[in-house]
Amino acid sequence: MPDSKINSMLMKLPDETGKGDVMAATSILQQKANEIRNNSINWQSYLQSQMIGDDDYRFITEFLSSDGSKRDSLLQDQRTQCAKTFLSLLEHISKDQTVQYILTIMDDMLQEDMNRVEIIREYAKKKRENVWSPFLNLLNRPDSFIQNMTSRIIAKLACWSRDPMEGSDLTFYLTWLKDQLQTPGNEYVQTTARCLQMMLRDEKYRLVFAGMEGVSVLANILSGRINFQIQYQLSFCLWVMTFSPQLVEQMNKHKIIPILGDILNDSVKDKVTRIILAVFRNMIEKPEDAAMVKENCVAMVQAKVLKQLSILQQHKFDDEDIMADIEFLTEKLQASIQDLSSFDEYSTEIKSGRLEWSPVHKSERFWRENAARLTEKNYELLKMLVHLLETNRDTLVLAVASYDIGEFVRHYPRGKSIIEQLGGKQMVMQLLAHEDPNVRYEALLAVQKLMVHNWFVKISKTINLKSI
């Protein structure tokens with residue numbers, strides 16, 4: 001499917017239905033918005049204190065007393081005045097309660113008809129003003145409701161307007177969203193995720209977000225303990241990102257497949273299952289690089305996705321898309337197993353960072369035939385092993401990585417010097433004092449292999465000298 005059709009399809013996904021997933025995603029914000037709509041604002045007092053002008057007073061009171069076709073006619077006849085009034089009220093009124101009310105009715109206005117975003121855009125263009133500045137400034141307000149309702153409005157303007165958000169404005173907004181996702185105890189985190197869902201449908205926005213380590217942020221959050229609604233929303237963000245094949249490589253770098261595999265194995269919600277299967281399907285279908293497709297298939301097999309697919313096949317789903325994705329993935333993953341070499345399996349396991357005592361580690365034949373391959377791509381796999389020794393806290397990972405270091409040294413002629421250059425010897429030596437006995441044991445074996453290798457090299461040199 002051409003990129004233009006994909007982007008068109010994504011942008012036409014339903015934004016808000018007022019029920020189901022979306023209502024759950026914005027429930028806290030909507031609950032407070034419902035309370036705020038019932039507030040009564042004394043616009044007369046603002047007029048008398050000259051905080052707003054006569055024309056703004058007339059428009060806002062007429063706007064609030066109208067609905068349906070009458071409101072449509074008002075906005076058609078007074079487009080310029082509409083934009084001027086809303087922006088003027090936001091600029092001149094500082095009371096939180098009133099600003100909350102203005103933003104809520106403004107968001108309602110845009111929600112009623114997405115084409116109304118052009119009212120704001122046209123006014124800013126006519127006045128030669130930055131359409132984003134008034135809203136981005138509100139993201140710095142201390143009131144959380146003001147921040148998040150403003151964020152909703154920005155997302156609508158950015159996604160529904162003819163002129164996209166660009167440059168420093170886009171960077172500022174996406175950074176704000178990213179920071180809000182990572183803020184502990186953020187009660188509006190579902191609203192933040194909802195805005196990101198909207199933004200990432202547009203390829204321009206998702207490429208910028210990915211360039212800001214956005215995939216890493218999503219991976220870190222999905223790795224933690226979060227509720228199913230956030231799992232669904234952030235998995236949705238990853239799904240739309242897979243429509244840009246160049247971003248799939250970033251997902252591999254941040255181990256998205258094993259992370260989503262864990263969620264899939266524990267999922268009890270059909271919508272979470274559905275969106276993760278859609279991510280996996282795209283990670284096989286969208287990349288043009290056959291090697292990457294193969295790597296993704298192997299990673300899914302190692303994340304026990306095939307086993308979960310077998311379980312899901314026994315489940316009765318009303319959604320035909322889920323069944324189609326299950327069949328597609330089962331076929332592709334089973335085919336990948338047929339072509340899977342032991343080195344492919346080993347390589348994918350190292351890259352996943354989730355080492356376990358799979359058969360390849362203890363296979364003498366594997367190390368005899370493949371030790372040299374660990375030096376490929378500028379020692380890529382060896383560097384990953386050393387990095388795991390340095391950063392990982394899982395005792396099983398540390399034990400297996402230590403063992404692999406020792407086996408590489410034992411089977412590769414220059415293994416000791418390479419491991420020393422990469423800092424592996426120092427990491428293994430430190431693990432001799434680890435609190436876990438299994439880690440200590442494997443580290444000791446690895447050190448012995450390093451020392452024996454060193455002794456063997458010296459003996460060999462001596463024998464060679466004597467034979468001259």
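Owing to the predicted nature of the structure, the values given are computational and were not obtained by experimental measurement. Count residues from 1 along the sequence.
Looking only at atom types and distance, the side chain of Gln233 has a donor-acceptor partner in the side chain of Gln197 under 3.5 Å away. Gln81 and Thr85 share a side-chain donor-acceptor pair at under 3.5 Å. A donor-acceptor contact under 3.5 angstrom links the side chains of Asp404 and Tyr346, judged on distance only. Side-chain contact check for Ser358 and Glu349: at least one donor-acceptor pair (N or O, by modelled atom type) lies under 3.5 Å. In this model, a donor atom of one side chain and an acceptor atom of the other lie less than 3.5 Å apart for Ser341 and Asp344.
Atom CD1 in Ile322 sits 12.5 Å away from atom NZ in Lys271 (nearest 0.5 Å). A distance of 15.5 Å separates CE of Met241 from NZ of Lys286, quoted to the nearest 0.5 Å. If you take CG on Asn220 and OG on Ser216, they are separated by 4.5 Å, rounding to the nearest 0.5 Å.
Ionic pairing of Glu249 and Lys253 is not present here: no N-O contact between side-chain nitrogen and carboxylate oxygen is shorter than 4.0 angstrom.
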Original post:
How far apart are the C-alpha atoms of Arg274 and Asp325, what are their side-chain angles, what is the distance that settles it, and do they pass the salt bridge (Lys or Arg N to Asp or Glu O under 4.0 Å) test?
Top reply: CA-CA 8 Å; Arg274 181 179 67 243; Asp325 287 345; over 6 Å; no

Subject >> Pair Ser151-Tyr188, side-chain hydrogen bond (donor to acceptor under 3.5 Å, both in side chains): steps then yes or no >> reply: CA-CA 11 Å; Ser151 178; Tyr188 292 101; over 6 Å; no

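At least one donor-acceptor pair closer than 3.5 Å links the side chain of Asp394 to the backbone N or O of Leu396.
Inter-residue side-chain proximity for Ile36 and Met149 is flagged as unmet; no heavy-atom pair is nearer than 4.5 Å.
Within 6.0 Å of CD on Glu285 lie more than 12 heavy atoms contributed by other residues, nucleotides or ligands.
Aromatic ring centroids of Trp132 and Phe135 lie 6.0 Å or more apart. The aromatic ring centres of Phe328 and Phe280 sit 6.0 Å or more apart.
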